2 protein chains.
Amino acid sequence: MASLQEVARRAKVSIATVSRVLNKSDKVVAGTRAAVERALRELDYRPSRVARRLRKKDGRAHLVGLIIPDIQNPFYAELARGMEDAAYASEYALLLCNSDENIEKERFYLGVMQAESVDGIVLPPLSETDAAVEEVMATGMPVVCVDRSLSRARTDLVEVDNYRGAYEAVTHLLDKGHRRIGLIEGRSQVSTNRERRRGYADALAAAGLGSREELIRAGDFRQESGRLLAGELLDMKRPPTALFVLNNLMTVGALAAIHQRQLRVPQDIAVVGFDDLPWAESLDPPLTVVRQPAYDVGRQAMELLLRRIMEAGRPPVTVRLLPQLIARRST
Amino acid sequence: MASLQEVARRAKVSIATVSRVLNKSDKVVAGTRAAVERALRELDYRPSRVARRLRKKDGRAHLVGLIIPDIQNPFYAELARGMEDAAYASEYALLLCNSDENIEKERFYLGVMQAESVDGIVLPPLSETDAAVEEVMATGMPVVCVDRSLSRARTDLVEVDNYRGAYEAVTHLLDKGHRRIGLIEGRSQVSTNRERRRGYADALAAAGLGSREELIRAGDFRQESGRLLAGELLDMKRPPTALFVLNNLMTVGALAAIHQRQLRVPQDIAVVGFDDLPWAESLDPPLTVVRQPAYDVGRQAMELLLRRIMEAGRPPVTVRLLPQLIARRST
DNA sequence: TAAATTGCTGTAAACGATTACAAGAACGTT
DNA sequence: AACGTTCTTGTAATCGTTTACAGCAATTTA
């Protein structure tokens with residue numbers, strides 16, 4: 001790879017001059033500029049982002065980080081895609097890591113990102129009191145939370161109105177006549193899970209029903225836990241007539257448990273899932289879901305991050321997006 | 001962030017000594033070492049990967065790149081996951097980018113990776129004659145191809161026996177009595193697509209059947225093209241009795257087209273898809289697929305890359321993994 | 001006891017960029 | 001003609017590391 005040195009030598013100027021024509025900042029007389037540009041072209045010069053990042057401070061690295069809990073979850077894939085598109089449009093590269101909902105991995109990758117001097121980080125915190133994230137923020141690193149929020153720290157945040165989504169989903173089930181509605185939740189340390197659960201409880205309460213502990217099961221957002229917990233619920237002496245499952249992967253797992261028991265949906269058991277899936281339409285039966293605008297969450301997070309990088313002092317803002325109940329045939 | 005300078009000052013030694021205890025390489029007497037280690041701890045020192053990378057050459061950055069065509073495709077998500085796990089196990093970070101099957105984006109990200117001085121790159125080339133990839137390889141950058149191969153360049157490669165997978169899938173359909181088997185292929189420039197198509201044609205030929213052009217449609221690997229092309233095939237005067245779809249997303253699209261026309265699977269139309277899906281079991285009906293070991297492809301690619309980084313001169317190897325036909329109820 | 005060897009540590013030069021400052025040329029002003 | 005500007009370019013410091021080399025003290029050898 002050609003370096004500034006080599007270009008300078010070929011163009012018979014100093015490296016400072018070459019750097020100036022590259023950064024289009026200072027004045028360089030036309031003749032010199034042309035000579036430099038020719039050398040640049042002839043050597044196919046590409047600046048080293050590494051060297052550049054070492055020298056420049058704050059927001060000029062054109063590199064941002066995204067840490068997602070599970071790359072195999074279509075919700076996060078869509079979110080990543082939205083962020084990626086926004087980043088690419090601004091010529092930022094994305095350092096994408098997968099924490100696997102694992103605090104050690106998150107810590108490792110946060111460390112990597114700091115050590116890589118990224119301009120900023122986007123992530124859904126692993127819990128509402130994610131100390132690792134708080135520590136990174138304390139160093140002055142721009143951080144934007146997506147999907148999930150932090151309880152202690154004030155950050156830029158792009159979230160979805162989870163409470164409302166859950167409330168509507170349960171109300172929908174209630175309207176269909178269901179009274180025993182099972183809940184399969186995920187990790188209770190995360191804010192989205194709590195909001196959704198609150199929406200579930202309030203919707204039941206508004207219908208004059210209490211939420212019954214025996215109909216609630218807590219999992220870990222993974223497909224397998226959805227399958228297991230749905231199984232437990234279905235095998236009860238008096239099983240629920242409907243299931244509300246708090247994320248997409250657990251919903252798929254619940255469906256597997258249902259099919260395994262040869263139950264009919266929605267006659268024997270109705271199902272509503274949180275998060276849409278690109279193939280929800282082709283599931284058996286087409287799945288009723290609360291759709292989250294994941295792509296927009298990612299896109300707006302990147303935009304917020306860009307603004308925070310440009311202007312570190314600005315007060316944090318929260319963008320709240322609306323989910324949408326899509327009634328298909330599982331209810 | 002504390003730098004070597006600050007640590008050195010606090011421990012009252014030179015930066016060289018600090019660097020030495022960090023790299024455990026040279027001899028440092030116990031007392032000095034202890035003092036340095038204390039300073040390191042007190043200042044919570046973390047080395048700058050950027051500075052380190054600038055100084056060191058070749059394979060010490062502990063950063064590798066992965067460029068995937070579509071992060072929303074579960075096959076690539078699984079592959080990425082396999083690679084990520086292997087990378088994490090060796091304490092490598094992953095720079096993950098999404099090319100969107102777009103040559104411009106791929107070029108952009110290849111440039112970023114070179115400029116970031118990654119230790120190596122893993123990717124499925126966008127076509128068999130992907131010039132951008134060849135150019136990067138020519139600079140000496142370690143490159144491992146996954147899934148898809150390059151026709152001109154010799155690289156390390158982890159691939160799946162696509163020919164065999166397709167051959168078995170079509171044979172399976174033939175065994176079920178189908179004679180008019182439609183094919184929905186993806187981008188014909190990519191090696192996997194060609195191999196799969198060759199498997200399709202050969203399986204038909206082995207049964208004494210020619211492949212008929214009117215039953216073949218070419219798409220772009222995306223869900224929407226699967227839906228459209230399946231629609232075309234289904235709306236023919238004499239439609240095929242079975243569909244073989246060359247990737248997962250197009251299969252999901254094809255399923256949508258089938259459901260839209262209220263056809264029964266497999267009675268009216270049988271379907272086999274290439275690539276498994278975590279929820280293939282819960283589709284309507286459970287989908288017969290050719291399963292690829294995507295996780296292993298990713299994992300082995302990372303291992304190959306590591307070996308190539310360590311030993312640049314070694315001859316390229318090809319690892320060929322076997323796909324597996326999983327007969328469910330769509331055939 | 002002087003010389004040679006060994007062991008530990010410090011000095012300084014990279015890596016490849018950016019940028020403050022200096023310097024020289026060209027120009028205008030008085 | 002002398003001086004002050006302005007414009008363009010070069011010199012050198014810097015970012016945070018690694019590492020070749022030098023230097024010094026302690027130890028071994030003659």
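Every value quoted in this text rests on a predicted model; they were computed, and no experiment measured them. In what follows, chains are A, B, ... by sequence order, proteins preceding strands, each numbered from 1.
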Exercise for the section: Using atom types as modelled and distance alone, determine if a side-chain donor or acceptor of A:D220 lies under 3.5 Å from a backbone N or O of A:R187. Expected result: no
Handout entry: Residues B:D85 and B:Y295: side-chain donor-acceptor under 3.5 angstrom
Key = yes
Exercise for the section: For B:L4 and C:dA12, give me the distance from atom CG to atom P, rounded to whole Å. Expected result: 17 Å
Practice task
Would you mind telling me which of D:dT19, C:dG16, C:dT19 lies closest to the side-chain atoms of A:L54?
Solution key: C:dG16
Handout entry: Exam field: side chain B:H62 to backbone B:E91, donor-acceptor pair closer than 3.5 Å
Key = yes
Practice task
Can you tell me the distance, in whole Å, between the CD atom of A:E116 and the P atom of D:dC15?
Solution key: 20 Å
Exercise for the section: Could you label the plane-to-plane angle of the A:Y109 and B:Y88 rings as parallel, tilted or perpendicular, counting under 30° as parallel and over 60° as perpendicular? Expected result: tilted
Exercise for the section: Keeping the roles fixed (side chain from A:S90, backbone from A:Y92), state whether a donor-acceptor pair exists under 3.5 Å. Expected result: no
Practice task
Measure from NE2 on B:H62 to P on D:dT17 and round the result to the nearest Å.
Solution key: 17 Å
Problem - Side chain of B:S48 (C-beta onward), nearest among D:dT17, C:dT18, C:dG16 - result: D:dT17
Exercise for the section: Provide, to the nearest angstrom, the distance between the CG atom belonging to B:N23 and the P atom belonging to D:dT19. Expected result: 7 Å
Problem - Option among A:V158, A:V146, A:L157 that satisfies the side-chain contact (heavy atoms from CB on, under 4.5 Å) test with A:L304 - result: A:V158
Handout entry: Whole angstrom value for the distance that separates P of D:dG16 from CG of B:L43
Key = 14 Å
Practice task
Determine the contact category for B:R49: base if any of its heavy atoms lies under 4.0 Å from a base atom, sugar-phosphate if only primed atoms, P, OP1 or OP2 are that close, otherwise nothing.
Solution key: nothing
Problem - Among C:dG16, D:dT9, D:dT18, the one nearest B:S19 by side-chain distance - result: D:dT18
Exercise for the section: Count the heavy atoms belonging to other residues, nucleotides or ligands that lie under 6.0 Å from CZ of A:R314, then report whether that count exceeds 12. Expected result: yes
Handout entry: Protein-nucleotide distance (A:Q5, atom CD; C:dT18, atom C1'), rounded to Å
Key = 13 Å
Problem - For atom CD of A:Q114 and atom C1' of D:dG16, their distance in whole Å - result: 16 Å
Exercise for the section: Could you state the atom-to-atom distance from CZ of A:R53 to P of D:dG16 in whole Å? Expected result: 14 Å
Distances for protein N/O vs nucleotides 10-13 of chain D N/O pairs under 3.5 angstrom?
residue: D:dG10; atom: OP2; partner: A:S14; partner atom: N; Å: 2.9
residue: D:dG10; atom: OP2; partner: A:S14; partner atom: OG; Å: 3.2
residue: D:dG10; atom: OP2; partner: A:T17; partner atom: OG1; Å: 2.7
residue: D:dG10; atom: N7; partner: A:R20; partner atom: NH2; Å: 2.7
residue: D:dG10; atom: O6; partner: A:R20; partner atom: NH1; Å: 3.2

